[in-house]
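The structure follows.
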Amino acid sequence: TGETSTKTTKIGRKAVNRIADIVQNLKDFSSEKDSALTTEKLKNIIDKALSLHQTKLKHSNIEVINHVPENLEVLCSPRDLSQSIFHIVHNSIFSLKNSLEKKIYLSATKNNDQVILKISDTGAGISPDLKTKVFEPFFTTKDFGSGENSGSGLGLSSAKGLIESFEGKLELSNPSKAEFTLSLKAQ
């Protein structure tokens, strides 16, 4: 019928638009464009990073609670900040694998000339004795190699280097909540 055809067409258009958004986000994420600093809305960068995890978040029944205000702007390399957030969220997804409560929290506030972004999850947390090791290259609590339960130990090390490249700061602020704090230049 005509109604079914119209409905199918709308669903098809939504799927094509979604695929186009994913492809564009992947291109932005992996591009080798220069890392020029620009003023960007933090929420937009977070949304792009989260969109790359959308399928995994959905299939893992992980709820993302994003309390980042729409109006916060930061001076950053958008690609590098997006990659850093991607790596932190990737680790959160892994840590929530066996948790009963599966939530990732994001919040941000402006403090003078800084925007403070906090990312945490309801997983088991990080042992306090690992606090200084989590940013070391090749340090991982996952199996080394390939596969769903493995890691290279480069995600957080890379994230820290990327954030520092535009004079930001990344730290593990609360190991028991696996809470990471990013300090970024406010605009």
Side-chain angles (χ1 to χ4, degrees), residues 10-31 40-70 72 74 76-109 115-126 134-135 140-160 162-163 170-182 184:
K10 284 182 183 179
I11 291 170
R13 280 191 187 132
K14 281 185 181 179
V16 168
N17 288 338
R18 175 76 184 119
I19 290 167
D21 286 346
I22 290 170
V23 169
Q24 185 59 51
N25 285 342
L26 284 170
K27 285 171 69 176
D28 292 346
F29 182 80
S30 64
S31 75
E40 300 287 335
K41 288 191 183 256
L42 180 59
K43 184 127 173 42
N44 292 347
I45 292 172
I46 291 169
D47 289 344
K48 279 188 175 187
L50 290 174
S51 73
L52 296 173
H53 284 301
Q54 185 176 19
T55 302
K56 188 72 168 172
L57 290 164
K58 183 178 179 179
H59 290 303
S60 301
N61 294 315
I62 296 173
E63 180 183 0
V64 176
I65 294 117
N66 187 348
H67 291 294
V68 175
E70 294 279 343
L72 286 180
V74 295
C76 66
S77 159
R79 180 199 63 192
D80 292 349
L81 181 54
S82 180
Q83 284 185 5
S84 299
I85 293 167
F86 175 90
H87 289 306
I88 295 166
V89 171
H90 178 80
N91 283 355
S92 288
I93 292 169
F94 181 83
S95 75
L96 293 170
K97 190 173 168 180
N98 297 316
S99 294
L100 296 176
E101 183 180 17
K102 297 182 179 202
K103 294 181 180 178
I104 297 173
Y105 295 93
L106 296 101
S107 65
T109 56
V115 169
I116 308 300
L117 170 64
K118 294 186 180 281
I119 304 172
S120 63
D121 61 61
T122 54
I126 298 170
V134 295
F135 295 112
T140 183
T141 58
K142 303 172 193 161
D143 297 333
F144 196 78
S146 62
E148 189 174 313
N149 297 322
S150 65
S152 65
L154 293 174
L156 291 177
S157 172
S158 172
K160 186 172 178 62
L162 291 169
I163 297 290
L170 172 61
E171 63 185 345
L172 174 58
S173 50
N174 187 339
S176 66
K177 292 183 186 177
E179 181 181 80
F180 290 87
T181 299
L182 291 79
L184 307 165

request  = Taking S95 for its side chain and S92 for its backbone only, find out whether a donor-acceptor pair lies under 3.5 Å.
outcome  =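 Checked: pair present.
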task = Could you go through the side chain to side chain donor-acceptor pair (under 3.5 Å) check for E179 and S173 one step at a time?
result = CA-CA 6 Å; E179 181 181 80; S173 50; 3.1 Å; yes
note = What one should report as the nearest heavy-atom pair of L184 and L42 is CD1-CD1, 4.2 Å
ask   = How many angstroms lie between OG in S107 and CD1 in I119, if you round to the nearest 0.5 Å?
value =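 One finds 9.0 Å between OG of S107 and CD1 of I119.
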key: Whether K43 side chain and V68 backbone form a donor-acceptor pair below 3.5 Å   = no
task = First locate atom CD1 of I85, then atom CG of L162, and finally report the distance between them rounded to the nearest 0.5 Å.
result = 11.0 Å
query = How about I88 and L156: do any of their side-chain heavy atoms sit closer than 4.5 Å?
reply = yes
key: Minimum-distance pair of heavy atoms, taken over all atoms of S99 and G123   = OG-CA, 3.5 Å
Closest contact, heavy atoms only, K56 versus I93 =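 Minimum heavy-atom contact is CG-CG2, 3.7 Å.
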inquiry  = Rounded at 0.5 Å granularity, tell me how far CG in N61 sits from CG in L96.
reply    =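 Nearest 0.5 Å value for the CG-CG distance: 11.5 Å.
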ask   = Taking all non-hydrogen atoms of both residues, which atom of A159 and which atom of S84 are closest, and how far apart?
value = O-OG, 3.3 Å
ask   = Side chains of I45 and C76: closer than 4.5 Å at any heavy-atom pair?
value = yes
query = Is the side chain of S120 donor-acceptor paired with the backbone N or O of K177 at a distance under 3.5 Å, no angle test?
reply =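 Between the backbone of K177 and the side chain of S120 there is no qualifying donor-acceptor contact (under 3.5 Å).
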ask   = How long is the span from the CD1 atom in I62 to the CG atom in L57, to the nearest 0.5 Å?
value =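 Nearest 0.5 Å value for the CD1-CG distance: 5.5 Å.
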task = Kindly indicate, with the supporting measurements, whether the criterion side chain to side chain contact (heavy atoms under 4.5 Å, CB included) is fulfilled by L81 and L182.
result = CA-CA 10 Å; L81 181 54; L182 291 79; 3.9 Å; yes
query = Can you check whether E63's main-chain N or O pairs, donor with acceptor, with K102's side chain at less than 3.5 Å?
reply = no
ask   = Which pair of non-hydrogen atoms, one from H53 and one from F86, has the smallest distance, and what is that distance?
value = NE2-O, 3.1 Å
key: Taking every non-hydrogen atom, the tightest pair across K160 and L170   =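 Closest approach of K160 to L170: NZ-O, 3.2 Å.
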message = Let's go through I126 and F180 carefully: what are the C-alpha distance in whole Å and the side-chain angles of both, what is the deciding distance for side chain to side chain contact (heavy atoms under 4.5 Å, CB included) to 0.1 Å, and is it a yes or a no?
response = CA-CA 11 Å; I126 298 170; F180 290 87; 3.9 Å; yes
task = Give, for atom CG of D121 and atom OH of Y105, the distance between the pair rounded to the nearest 0.5 Å.
result = 10.0 Å
ask   = Just how far is it from atom CD of E171 to atom CD1 of I163, taken to the nearest 0.5 Å?
value = 12.0 Å
Derivation and outcome, side chain to side chain contact (heavy atoms under 4.5 Å, CB included), residues V89 and I46 = CA-CA 10 Å; V89 171; I46 291 169; over 6 Å; no
